[in-house]
There are 4 protein chains.
Amino acid sequence: MSTVSRREKEKQQRRNDIIEAAEELFDAKGFESTTIEEIARKTELSKGTIYLYFQSKDELLLEVCAKGIMGFRQDLEAAANSKRSIDNKIKAVCAAYIDYFIKVPHIFRVLHDTLTERLRNNLSGETMSLINWTIVEVLKFSSAIVQQGIDSGKFRSDIDPYSFSIAVWQMSSGLLDLAILKDPGIIDRDSLEEILSKSIDIMIDGLKAGAPGESRGR
Amino acid sequence: MSTVSRREKEKQQRRNDIIEAAEELFDAKGFESTTIEEIARKTELSKGTIYLYFQSKDELLLEVCAKGIMGFRQDLEAAANSKRSIDNKIKAVCAAYIDYFIKVPHIFRVLHDTLTERLRNNLSGETMSLINWTIVEVLKFSSAIVQQGIDSGKFRSDIDPYSFSIAVWQMSSGLLDLAILKDPGIIDRDSLEEILSKSIDIMIDGLKAGAPGESRGR
Amino acid sequence: MSTVSRREKEKQQRRNDIIEAAEELFDAKGFESTTIEEIARKTELSKGTIYLYFQSKDELLLEVCAKGIMGFRQDLEAAANSKRSIDNKIKAVCAAYIDYFIKVPHIFRVLHDTLTERLRNNLSGETMSLINWTIVEVLKFSSAIVQQGIDSGKFRSDIDPYSFSIAVWQMSSGLLDLAILKDPGIIDRDSLEEILSKSIDIMIDGLKAGAPGESRGR
Amino acid sequence: MSTVSRREKEKQQRRNDIIEAAEELFDAKGFESTTIEEIARKTELSKGTIYLYFQSKDELLLEVCAKGIMGFRQDLEAAANSKRSIDNKIKAVCAAYIDYFIKVPHIFRVLHDTLTERLRNNLSGETMSLINWTIVEVLKFSSAIVQQGIDSGKFRSDIDPYSFSIAVWQMSSGLLDLAILKDPGIIDRDSLEEILSKSIDIMIDGLKAGAPGESRGR
DNA sequence: GATGAATGAGTATTCATTCAT
DNA sequence: AATGAATGAATACTCATTCAT
């Protein structure tokens with residue numbers, strides 16, 4: 001049994017190695033421009049072996065995306081569940097999002113590419129479902145927080161929390177996108193956090209403006 | 001002369017046909033996955049003829065991008081120069097951006113793809129320069145408007161107008177991106193404008209919060 | 001009639017222009033690598049017009065070769081007919097050959113290429129016949145001179161004049177070939193004439209060695 | 001190990017098959033007019049497989065040339081090193097040259113083509129370097145022999161051995177060239193050796209004429 | 001006669017995928 | 001399980017030739 005399980009582990013390990021190699025290459029060169037040959041070389045396996053673990057190049061992309069999304073949700077929940085003021089919760093969620101992907105820009109870019117319609121054609125609906133489902137989960141999370149703010153009277157009530165979450169998400173993603181360009185011509189990685197945090201501040205202030213419970217002069 | 005000018009016109013027409021076909025295909029399938037053969041078939045021309053009008057597939061992409069950018073800047077300037085309150089100017093600029101690209105989602109996506117790093121590698125700097133230059137121009141425009149707001153005391157002064165513009169731009173682009181997915185799973189095209197306009201409202205309110213000229217109790 | 005003849009002349013002129021352009025391009029880039037487009041550009045005519053004067057690219061090569069051979073025969077006969085010693089006649093013929101082609105290396109190379117089997121496949125038998133016929137004529141010429149030398153007892157009689165002529169011809173061509181390489185790595189154009197003349201001397205001396213009428217010690 | 005070595009051998013075999021097929025086709029149709037498709041068909045492999053063994057069509061030509069040159073040098077050295085009179089050494093070297101290439105006319109023609117300027121443009125310097133280097137080596141060899149003749153007083157001293165070698169080389173090549181035309185219009189393969197040997201005789205006699213050690217009245 | 005736009009067969013090269021060992 | 005040799009369909013691009021104007 002020990003033998004079997006070692007084998008099993010090795011297999012898992014190899015699977016992971018391949019996914020990681022693919023991750024980096026898809027990011028660096030794009031999905032289309034990455035060849036199986038390159039993935040094989042990077043993992044020091046043969047081309048044939050790749051096909052022992054994955055049925056096709058497309059399936060590899062699916063796995064890369066899936067893996068990228070998994071870990072991310074945990075960070076997000078942790079940030080949202082920490083006991084803080086609502087303001088801070090929102091900021092924490094954004095920060096978690098940014099922090100996660102700034103560490104693995106590859107994954108961010110691959111996911112972003114995948115979400116983009118162009119790739120959708122090449123992919124099984126399975127991948128898309130997984131990605132979409134996760135996105136929606138995250139948005140529900142954020143919406144709930146905003147709703148709390150509204151319920152408590154801290155935030156104005158004339159907004160749709162879900163829509164607001166989408167807007168913040170897109171702003172964050174967009175800024176992240178710019179920051180992780182290899183040759184950042186527009187904003188650099190360092191100013192990203194500042195711009196983002198400032199922007200979130202502004203949006204939160206905007207949320208408070210006109211709130212029923214807004215305390216004068218504050 | 002009539003003959004010459006007719007020919008010239010037909011040539012221009014053909015050129016445009018090719019660009020339009022490329023536009024749609026690049027959008028639908030991505031640049032890499034689009035073949036010259038497909039462009040030829042779509043225009044009912046032969047492969048060779050495409051090369052009579054464009055030197056390479058890359059040049060074709062350049063033209064698609066260039067064309068996409070041209071008209072857009074005019075709309076933007078018009079929106080910014082219209083006499084309105086600062087709030088409305090900002091909203092008008094965003095609306096112009098959205099309105100333009102919602103009409104030509106292909107172009108938006110191609111431009112977005114092109115800006116994306118992966119493609120940057122494959123492209124002559126020319127394309128990138130044109131796109132970058134336009135982006136920076138637009139951002140300067142928007143920054144100037146925000147600066148006016150700060151100078152007049154309407155907006156808080158602890159923000160960087162350029163950074164703020166970037167944030168708004170990314171938010172808008174992101175929302176646009178979602179809205180023009182062929183199979184929009186997250187937001188639909190109709191609610192886009194509402195979400196965006198609401199979000200801009202919130203941001204503007206946020207900008208005003210804490211502004212020196214803010215009348216207490218507002 | 002004047003009009004007709006002018007037209008006729010212009011036509012001839014154009015024909016010649018095309019041949020000359022082709023000549024230079026076939027030489028510079030080889031037959032295969034030269035495009036009709038390039039010939040058209042060089043003559044400032046359109047591609048279609050080239051086909052008004054020549055049925056195909058192959059026919060153009062035929063004409064280039066034919067023209068190259070024409071003028072050459074005259075020089076050769078003149079050299080052979082001049083009244084000189086037999087030694088000098090042989091030298092004069094070689095010199096005429098070299099002088100002619102050193103002036104028009106293009107033609108030499110095109111002819112050489114054409115004689116070479118590889119191109120023969122592409123050509124109508126007509127071209128080959130013309131070229132072969134001229135070569136044989138020239139060789140007969142030279143042979144006759146050598147024969148005179150044998151008959152007069154100046155040259156040894158154990159040789160075949162025709163074969164000898166071929167050998168001298170090939171030696172000359174080979175040296176010429178080396179000398180007109182654009183980037184001559186083996187011999188330069190200046191030393192060509194010296195090497196050749198020295199070699200001819202040696203061969204003539206060899207011809208005399210053992211000749212019946214050889215005067216001792218001379 | 002047996003398996004590995006068999007595989008290795010098969011690979012070498014395949015490599016050789018491809019080179020041989022290329023050799024014959026390059027000879028029959030010229031480099032430019034030969035397609036990879038044809039080489040594949042002739043070897044009963046697929047186009048893709050050709051590229052498994054050679055990076056490009058150019059590299060294939062390089063190998064064809066390289067292979068052609070290798071064996072040849074050995075024959076040449078053997079001929080030159082055999083103990084014989086100087087006259088016979090010179091004859092032996094020429095004969096070795098002729099004998100080698102008469103067996104592999106393909107290679108001779110491919111090498112000749114490659115040396116030809118037109119091709120020089122398309123090729124990596126590597127091929128040219130190898131060919132040039134070998135040519136120069138061979139010429140040095142021959143020159144040394146002639147020099148021995150001069151030093152020993154058998155040959156006249158007013159000649160440059162290197163130049164003389166070039167002349168003999170070109171004569172030999174030229175004759176060879178004619179002899180191996182598929183449809184030899186000028187000399188046939190059988191008479192080649194006679195013509196060449198006679199010509200060399202004449203040249204050697206010419207070399208002796210006027211030599212210091214020439215016994216009068218000989 | 002002259003043009004040049006249009007054609008489409010042809011070329012080198014790449015790469016996902018298969019399969020015998 | 002792992003390999004890597006073989007495949008062949010696909011792709012960007014070229015060019016001799018035709019033909020409507």
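So that the names make sense, note that chain A is the first sequence line, chain B the second, and so on, each numbered from 1.
How far CD of A:Glu59 is from CG of A:Leu62: 6.5 Å, rounded to the nearest 0.5 Å. In this structure, the separation between CZ on A:Phe26 and CD1 on A:Ile19 is 10.0 Å, given to the nearest 0.5 Å. With rounding to the nearest 0.5 angstrom, the OG1 atom of A:Thr49 is 11.5 Å from the CD1 atom of A:Ile36. In this structure, CD1 on C:Ile18 lies 13.0 Å from CD on C:Glu23, to the nearest 0.5 angstrom. In this structure, CD on B:Glu37 lies 5.5 Å from NZ on B:Lys47, to the nearest 0.5 angstrom.
Rounded to an integer number of Å, the gap from CZ of C:Phe31 to C1' of F:dA16 is 10 Å. In this entry the distance linking CD of B:Glu59 with C1' of F:dA12 reads 14 Å, nearest Å. Between the CD atom of B:Glu8 and the P atom of F:dT21 there is a distance of 17 Å, given to the nearest Å. The separation between A:Glu32 atom CD and F:dA10 atom C1' is 13 Å, rounded to whole Å. Going from atom CZ of D:Arg15 over to atom P of F:dA6 covers 13 Å, rounded to whole Å. One atom, CG of D:Leu52, and another, P of E:dC15, lie 13 Å apart when rounded to the nearest Å. Distance NZ (B:Lys11) to P (F:dT21): 17 Å, rounded to an integer number of Å. One can place CD1 of B:Ile50 at 15 Å from P of E:dA5, the figure rounded to the nearest angstrom.
Take the nearest nucleotide of DNA chain E for B:Arg14 and for A:Gln55: the residue whose nucleotide is more 5' is B:Arg14.
Side-chain contact, D:Gln13 with D:Asp17: a donor N or O sits under 3.5 Å from an acceptor N or O.
Side chain of D:Glu38 to main chain of D:Thr35: a donor-acceptor pair is present (N/O by atom type, distance under 3.5 Å, no hydrogens or angles). In this structure, the side chain of D:Lys57 engages the main chain of D:Phe31 through a donor-acceptor pair within 3.5 Å. Put simply, the side chain of D:Ser33 never gets that close to the backbone of D:Gly30: no donor and acceptor are under 3.5 Å apart. Under the 3.5 Å distance criterion, the side-chain polar atoms of A:Thr34 are matched with a main-chain donor or acceptor of A:Leu25.
At E:dA6, one or more side-chain N or O atoms of B:Tyr53 fall inside 4.0 Å of OP1 or OP2 (strictly under the cut-off).
The residue C:Phe54 sits apart from the nucleic acid: no heavy atom pair falls under 4.0 Å.
Near DNA chain F, meaning a heavy atom under 4.0 Å from it, residues 18-25 of chain C has no residue at all. Only D:Thr34, D:Thr35, D:Ile36, D:Lys47, listed by number, bring a heavy atom of residues 34-48 of chain D to less than 4.0 angstrom from any atom of DNA chain E.
If you check E:dT13, F:dT17, E:dA16 against the side chain of A:Lys57, the one that comes closest is E:dA16. Side-chain proximity of D:Tyr51 to the nucleotides E:dT18, E:dA6, E:dA12 is greatest for E:dA12.
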Exercise. Using the salt bridge (Lys or Arg N to Asp or Glu O under 4.0 Å) rule, take A:Glu20 and A:Lys42 through it: C-alpha gap first, then chi angles, then the decisive distance, then the call.
Key: CA-CA 10 Å; A:Glu20 262 167 40; A:Lys42 189 156 193 164; over 6 Å; no

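For the pair C:Leu60 and C:Ile39, the tightest heavy-atom approach, listed with the atom from each and the gap, is CD1-CD1, 3.9 Å.
For DNA chain F, runs of at least 3 consecutive pairs of the Watson-Crick or G-U wobble type, with both hydrogen-bonding distances under 3.5 angstrom, map to E:2-21 with F:2-21.
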